[in-house]
Amino acid sequence: MPPKSETQLASSTAKTQFSDPSDDYSIDPIFHILRVLPFSFLRPPKLRLKIPTVTLPSAMTVFSLILLTYFMVVSGIVYDVIVEPPGIGSTQDRFTGAVKPVVFLPGRVNGQYIIEGLSSGFMFVLGGIGIVLLDLATDKNREKSVKVSFASAGIVFVVIAYVMSMLFIRIKIPAYLR
């Protein structure tokens with residue numbers, strides 16, 4: 001038997017390194033029977049399947065989903081699910097003995113009622129929408145009246161969100177920034 005040349009050695013090593021996984025040979029006769037026998041009398045059908053087309057969502061849909069996710073995160077939904085606080089609190093009046101509802105959990109920075117988290121989250125989202133409106137007001141392709149409307153609504157939303165958030169903090173922590 002003549003010695004193999006360099007090219008034959010290289011091609012044989014490349015063939016063993018990059019062999020097709022379907023060319024797996026086994027000594028086991030059952031493996032061979034199970035692999036060959038069904039296809040000797042069965043033929044796979046010729047299917048003409050169409051790949052489904054997935055359309056991308058619109059920019060407004062993506063923005064809405066991100067805004068909803070932001071609202072849920074800043075509202076403390078994870079905290080509400082884990083701790084299961086009451087929806088709203090109550091306190092008893094010292095003089096009349098009547099039970100009054102309490103929206104904010106006083107004195108505890110790391111605790112909240114459900115309605116407190118939702119109202120704070122709404123204020124944060126309102127401020128974010130105000131910033132988006134201020135960004136839309138800087139578009140050069142819009143009419144001046146629309147730009148003024150966007151700018152004024154954006155400023156009002158940001159101011160309301162800031163003032164209400166500071167009010168919420170002062171209700172929650174009475175001596176904050178005084």
Quiz item: Shared ILVMFWY cluster between I173 and I115, side chains joined below 4.5 angstrom?
Solution: no

Practice problem: State the CZ-CZ distance between F31 and R35, to the nearest 0.5 angstrom. | Solution: 5.0 Å

Quiz item: Which atom pair, heavy atoms only, marks the closest approach of Q112 to L105?
Solution: N-CD2, 3.7 Å

Quiz prompt | Heavy atoms from other residues, nucleotides or ligands near CG of L47 exceed 12 (cutoff 6.0 Å) | solution = yes

Self-check item: CZ (F95) with more than 12 external heavy atoms under 6.0 Å
Solution: no

Quiz item: Between G121 and S75, what is the shortest heavy-atom contact and its length?
Solution: CA-OG, 3.5 Å

Quiz item: Rounded to the nearest 0.5 Å, what separation is found between the CD1 atom of I82 and the CD1 atom of I77?
Solution: 11.5 Å

Practice problem: Could you list all the ring-ring contact (aromatic ring centres under 6.0 Å, His included) pairs where at least one residue sits in residues 59-84, not counting sequence neighbours? | Solution: none

Exercise. May I ask you to list the residues sharing a hydrophobic cluster with L34, side-chain cutoff 4.5 Å, ordered by chain and number?
Key: I30

Self-check item: Residue pairs, two or more places apart or on separate chains, that pass ring-ring contact (aromatic ring centres under 6.0 Å, His included) and touch residues 120-161
Solution: none

Exercise. Evaluate the side-chain proximity of P85 to D80: yes if any heavy-atom separation is below 4.5 Å, no if none is.
Key: yes

Quiz item: Of all residues at least two apart in sequence or in a different chain, which pass the side chain to side chain donor-acceptor pair (under 3.5 Å) check with T96?
Solution: D93

Quiz prompt | Donor on one side chain, acceptor on other, S58 and T61, under 3.5 Å | solution = yes

Quiz item: Between atom CG of L68 and atom CE of M72, what is the distance when rounded to the nearest 0.5 Å?
Solution: 5.0 Å

Exercise. For residues M164 and M123, report the shortest heavy-atom separation together with the two atoms involved.
Key: CB-SD, 3.5 Å

Practice problem: Could you check D139 against V146 for side-chain contact (heavy atoms from CB on, under 4.5 Å), going step by step and ending with a plain yes or no? | Solution: CA-CA 10 Å; D139 189 11; V146 174; over 6 Å; no

Self-check item: 4.5 Å side-chain heavy-atom contact, I88 and I114
Solution: no

Quiz item: Any link between V74 and V163 through a network of hydrophobic side chains (Ile, Leu, Val, Met, Phe, Trp, Tyr) touching at under 4.5 Å?
Solution: no

Practice problem: Please tell me if the side chains of T91 and V99 come closer than 4.5 Å, counting only heavy atoms from C-beta onward. | Solution: no

Quiz prompt | Reported OG-to-CD distance for the pair S149 and E143, which is rounded to 0.5 angstrom | solution = 10.0 Å

Quiz item: Taking the side chain as C-beta and beyond, is there a heavy-atom pair between T138 and L134 under 4.5 Å?
Solution: no

Quiz item: If Ile, Leu, Val, Met, Phe, Trp and Tyr residues are connected whenever their side-chain heavy atoms lie under 4.5 Å apart, and connections chain through other members, are L167 and V103 in the same group?
Solution: yes

Quiz item: Mind checking who shares a hydrophobic cluster with V62, ILVMFWY linked at side-chain heavy-atom distances under 4.5 Å?
Solution: I66

Practice problem: Answer yes or no: is there a donor N or O on one side and an acceptor on the other, between the side chain of K172 and the main chain of R108, under 3.5 Å? | Solution: yes

Quiz prompt | Hphob cluster co-occupancy, I160 + L118, side-chain heavy atoms under 4.5 angstrom | solution = yes

Quiz item: Just wondering, do R142 and L136 contact through their side chains at under 4.5 Å, heavy atoms?
Solution: yes

Quiz prompt | From M166 atom CE to I171 atom CD1, the distance as rounded to the nearest 0.5 Å | solution = 12.0 Å

Quiz item: Which residues satisfy the ring pair (Phe, Tyr, Trp, His ring centres under 6.0 Å) test with F104, sequence neighbours excluded?
Solution: F168

Quiz prompt | Check: L133 and V158 side chains under 4.5 Å, non-hydrogen atoms | solution = no

Quiz item: When rounded to the nearest 0.5 angstrom, what is the spacing between OG in S119 and CG in L126?
Solution: 12.5 Å

